[in-house]
Participant: 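After the structure tokens below, expect a handful of questions from me.
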Amino acid sequence: MHVLKFGGSSVADATNISKVLDIVCDIAKRDRVILVCSAIKGCTDTLLNEGVTPELTGRHEKIIRRLFTGREREESLDECRKIFDLLAAGTPHIEAYGEILSTKIIARKLACDGIRTQWIDSRSLIRADEGKVIESLSYPYIMATVDAHPEIEVFVAPGFICSDREGLVTTLGRGGSDYSAAIFAAGCKASDLEIWTDVPGIMTTNPKDVPTARTIPNISYKAALDLARYGAKVLYPPTIAPAMEAGIAINIRNTFDPSNPGTVISDRCVSDVPVWKGVASAGSGENSVLHIVGEGKPDAEAALERATAVLKKAGIRIIRASVEDGNVCVIVHSEQEKESLKAIHKDFFEQKNNSVTDIYVAGYGAVGKALVGMIRDGAANIAEKTGKEIRIAGIANSKAYVIDREGIKPEDVEKRLKSGNCGKACGFTDAVLENASRGAVFVDCSNSETLQESYTAFFRRGISVVSSNRRALSVPFAKYASMKSEALVNGASFRYDTTVGAAIPVMESFSSGAVNPDSLQSIEAVISCTMNNIITGYDGANTESFATLLKKAQDIGLTEKDPRMDLGGQDALRKILILAREAGIPLESSDVEIEPMLGKEFFDCSLEEFYRKLEEDEPEFIAREKELDEMNKRQRFVASVVKAPKSPLGFKAAIRMQLVGMDSPFYWISGTENVISIKSDFFSSPLVLKGSGEGAKFAASGIINDILSV
Ligand code: ADP
Ligand code: ASP
Ligand code: MG
């Protein structure tokens, strides 16, 4: 069963009602529906404040004239007039009749259109005590009603109204139709509960106050409840509990943009990463109370400090500020409510759109040099395409560093580094922390194993990090996850798309959400540039032995100092860890089964000995290569993460040599090319990404993309 609820603006006039009917009919083709509606927009207010007015009867009659013709029109008009006459005669609880009017009209229209429809009376199905539904006196009647009419496709029920223990008409409180819908859903154990309104879901704040508000795609019951009770009118707070208790997700959608997926409230998609979800406000006398609501226990004390600083900077007087139930609560004067919301929203929920992005670059090796060169050559292009300027505000090599908040010209970097400060281990990072402002970007293109220890400090200052340093990312999962969450809660970005496949936009293809532990079948990749280069360069045709090739690669710095690190899969290991974690799998190095390319005896000896052994085995390598040629196969060093429901992580990860045929994209690589193949239930065929995984310019262009998307 689908329970659908449409609010007052969704049924405000005949045009809108037609949109509602389209949505309902579409869903009714797939499932039975309980349709819960509010009174037409403004109707409850009018009934409460003025009673029956000619304007109100006129609006209902106009809807009827637009929706019906002939006998149907007369019958509907007659039905409406009888209700209005009753109200004019002084019937008590006049406000309860708006929903009866709207649903009677809509039920008639559905029936007219050939849908098997039944109007059901919420007054006899829902019992409540002072606005709180008595479930034991409601759920059994709801269930019995839908069970008694298996032929009915759409039940139509008025929202908002019910009766008390004595059976007298009452209501669930203003905005209560949402609650009615949740009660119907829980009562009949519905599979789906959709609340259709005039905005595309729960947004980061009320879009009427702050037009830049965004839809929150997923939110926990608790965070949704907090936003609702602190003033987000889009959802009536009591709606949450019955849905949550029955394990039903609530989907908030926009009647006027039905293709928008809106917000899903459930505990299924709650991220384990702490985040701030939205800010709500409510008036209380002369004051307004703002609440910044989070999920996953973000650091509220830090956010309190951040919010206070932001408001002070905007010239707003704070009456009181505190942490309340894990959320941040700030009280301001009502006249400053909107201004405060805007300032907080901008800082917590909007992309920083600095036209100048300051970067602090650690590492001036091949990649660092290429980066500086590309910033110089690409500046105009970047400005034209994105309106942004990348300014080098600091740079460091292993010996020295320079900081200059006015910007260091790319062509001067070399010269300025020569006369720069002495680069003691933490000198540069400390100087960055001291000088960089919020929104700046720390770029790690070093090979350092320790630099990542400073990332967290950067995030806490609102400084983003772009890293091409795989070592910094292959830390234990807990550390990796805490770096990510630290970035998120502090409104900073953490990007490292170049750590796997250089300029190949791998992480970008993960950001759609199509790659997640539920949908992912496998990631298979040939991602070790060194291994790919050596394996594809060796053909066994006796021109150069495997040992010679490897030695040459070592000499030009393509391998690690000891090339056995590569053969042992260390580089592939770091990359598969990054890929798996990006897909949401908490993989650790120890979970990955590694079968090195060569036997154990090659690793338990000196480097010299190793090369000698390799040379000795050359005839075997040649024979193997010939055998492969005859089979039309190739050997590839494949790193993989494959769904394995029975294993503790739900996935198995391995790095090993595999034979591949011409039907595999791995067959067709040459040199340092990488291929990453992702199978997900979302894709009808694997997503295959291919390109060079090595090269300073590739890395630099990937880093620039990361900087621009911070
Ligand atoms: P309905 O009549 O459909 O029940 P409501 O008027 O009760 O609709 O609620 C929708 C309104 O809630 C929106 O028009 C919007 O102005 C307001 N609103 C307040 N806070 C939020 C928020 N955080 N996200 C979305 N809408 C909000
Ligand atoms: N019509 C009622 C009100 O305006 C209930 C609702 O729309 O949810 O409060
Ligand atoms: Mg409402």
Side-chain angles (χ1 to χ4, degrees), residues 3-27 33-50 53 55-64 66-67 80 95-107 109-110 122 156-161 171-182 193-203 205-211 213-216 224 227-228 231-237 239 250-263 265 280:
V3 175
L4 311 176
K5 178 261 169 176
F6 290 84
S9 35
S10 300
V11 296
D13 56 32
T15 310
N16 293 0
I17 292 177
S18 307
K19 294 190 169 73
V20 170
L21 295 170
D22 284 346
I23 294 166
V24 174
C25 291
D26 200 41
I27 295 171
V33 169
I34 298 178
L35 170 62
V36 178
C37 294
S38 289
I40 68 171
K41 187 180 179 160
C43 173
T44 313
D45 282 337
T46 309
L47 289 173
L48 279 169
N49 301 332
E50 302 165 61
T53 64
E55 197 252 0
L56 191 64
T57 51
R59 277 179 64 204
H60 282 89
E61 284 174 6
K62 190 168 167 199
I63 290 173
I64 294 169
R66 292 278 297 278
L67 293 180
C80 254
E95 74 278 10
Y97 289 82
E99 270 70 8
I100 296 184
L101 286 160
S102 66
T103 50
K104 287 275 183 187
I105 296 171
I106 289 166
K109 179 64 183 166
L110 281 164
S122 311
V156 183
F160 185 48
I161 60 174
T171 71
L172 294 174
R174 295 307 308 271
S177 298
D178 299 338
Y179 189 19
S180 313
L193 168 57
E194 296 178 3
I195 293 185
W196 292 78
T197 181
D198 59 352
V199 284
I202 301 185
M203 307 181 71
T205 192
N206 187 347
K208 288 188 184 121
D209 295 330
V210 184
R214 301 179 272 111
T215 298
I216 303 168
L227 282 174
K233 181 185 169 231
V234 61
L235 191 67
Y236 186 50
T239 311
I250 309 172
N251 186 194
I252 315 264
R253 317 230 356 211
N254 186 352
T255 307
F256 310 105
D257 182 12
S259 62
N260 191 318
T263 300
I265 308 170

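Keep in mind that what you see is a predicted model, and the values were worked out from it rather than measured.
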Participant: Closest approach of His60 and Cys80, non-hydrogen atoms and distance?
Facilitator: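 So the minimum-distance heavy-atom pair works out to CB-SG, 4.4 Å.
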Participant: Atom SG of Cys37 and atom NZ of Lys104: how far apart are they, to the nearest 0.5 Å?
Facilitator: 13.5 Å
Participant: Work out which heavy atom in Val36 is nearest to a heavy atom in Gly159; give both atom names and the distance.
Facilitator: CG1-CA, 3.6 Å
Participant: Report yes or no: does Arg253 contribute a side-chain atom to a donor-acceptor pair with the main-chain N or O of Pro258 at less than 3.5 Å?
Facilitator: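 Judged by distance alone, yes, a pair lies under 3.5 Å.
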Participant: Taking side-chain hydrogen bond (donor to acceptor under 3.5 Å, both in side chains) as the definition, give me every residue that meets it alongside Thr197, ordered by chain and number, with sequence neighbours left out.
Facilitator: none
Participant: With sequence neighbours left out, what residues match Asp257 under side chain to side chain contact (heavy atoms under 4.5 Å, CB included)?
Facilitator: Asn254, Ser259, Asn260
Participant: Is there a side-chain contact between Asn251 and Ile195 (heavy atoms, below 4.5 Å)?
Facilitator: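 Of all side-chain heavy-atom pairs linking Ile195 with Asn251, none is under 4.5 Å.
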Participant: Apply side chain to side chain contact (heavy atoms under 4.5 Å, CB included) to residues Val3 and Glu194 and explain how you reach the verdict.
Facilitator: CA-CA 6 Å; Val3 175; Glu194 296 178 3; over 6 Å; no
Participant: Taking side chain to side chain contact (heavy atoms under 4.5 Å, CB included) as the definition, give me every residue that meets it alongside Ser18, ordered by chain and number, with sequence neighbours left out.
Facilitator: Leu67
Participant: When rounded to the nearest 0.5 angstrom, what is the spacing between CG in Leu110 and CD1 in Ile105?
Facilitator: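 Leu110 atom CG to Ile105 atom CD1 measures 12.5 Å (nearest 0.5 Å).
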Participant: Could you grab the distance from atom NZ of Lys62 to atom CD1 of Ile40, nearest 0.5 Å is fine?
Facilitator: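 Taking NZ in Lys62 and CD1 in Ile40, the distance rounds to 10.5 Å.
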Participant: Quick check: closest heavy atoms across Ser180 and Phe160, and the distance to 0.1 Å?
Facilitator: OG-N, 2.8 Å
Participant: Are any of the side-chain heavy atoms of Leu235 and Ile265 separated by less than 4.5 Å?
Facilitator: yes
Participant: How long is the span from the OG1 atom in Thr44 to the CG atom in Asn49, to the nearest 0.5 Å?
Facilitator: 10.5 Å
Participant: For Ala182, what residues pass the side chain to side chain contact (heavy atoms under 4.5 Å, CB included) criterion, not counting sequence neighbours?
Facilitator: Leu193, Thr239, Pro242
Participant: Hey, could you give me the CG/CD1 distance between Leu172 and Ile161, rounded to the nearest 0.5 Å?
Facilitator: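 Answer rounded to 0.5 Å: 9.5 Å.
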Participant: Do you know which two heavy atoms are closest between Pro207 and Val199, and how far apart they sit?
Facilitator: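 For Pro207 versus Val199, the nearest heavy atoms are CG-CG1, 3.8 Å.
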Participant: Cut-off 3.5 Å, no hydrogens considered: what does the side-chain donor-acceptor table look like for residues 4-14, sequence neighbours left out?
Facilitator:
from  : atom 1 : to     : atom 2 : distance (Å)
Lys5  : NZ     : Asp178 : OD1    : 2.6
Ser9  : OG     : Asp198 : OD2    : 3.4
Ser10 : OG     : Thr255 : OG1    : 2.8
Asp13 : OD1    : Thr15  : N      : 3.2
Asp13 : OD1    : Asn16  : N      : 2.9

Participant: If we only count heavy atoms from C-beta on, is the Ile63 to Arg59 side-chain gap below 4.5 Å?
Facilitator: no
Participant: Taking all non-hydrogen atoms of both residues, which atom of Ser122 and which atom of Pro158 are closest, and how far apart?
Facilitator: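 Shortest heavy-atom separation between Ser122 and Pro158 comes out as OG-O, 2.6 Å.
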Participant: Look up atom CD1 in Ile216 and atom OG1 in Thr263, then write down how far apart they are to the nearest 0.5 Å.
Facilitator: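 The CD1 atom of Ile216 sits 6.0 Å away from the OG1 atom of Thr263.
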Participant: Under a 4.5 Å cut-off applied to non-hydrogen side-chain atoms, are Thr53 and Thr57 in contact?
Facilitator: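 Thr53 vs Thr57: side chains apart.
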Participant: Mind checking whether Ser177 and Glu99 have side chains closer than 4.5 Å, heavy atoms only?
Facilitator: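 Ser177 vs Glu99: side chains touch.
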Participant: Could you tell me which non-hydrogen atom of Tyr236 sits nearest to which non-hydrogen atom of Arg174, and how far apart they are?
Facilitator: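 Closest heavy-atom pair between Tyr236 and Arg174: CE1-O, 3.2 Å.
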Participant: Got a sec, which residues hit side chain to side chain contact (heavy atoms under 4.5 Å, CB included) with Thr205, two or more places apart in sequence or on another chain?
Facilitator: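 For Thr205 the side chain to side chain contact (heavy atoms under 4.5 Å, CB included) partners, ignoring immediate neighbours, are Val210, Ala213, Val279, Leu341, His345.
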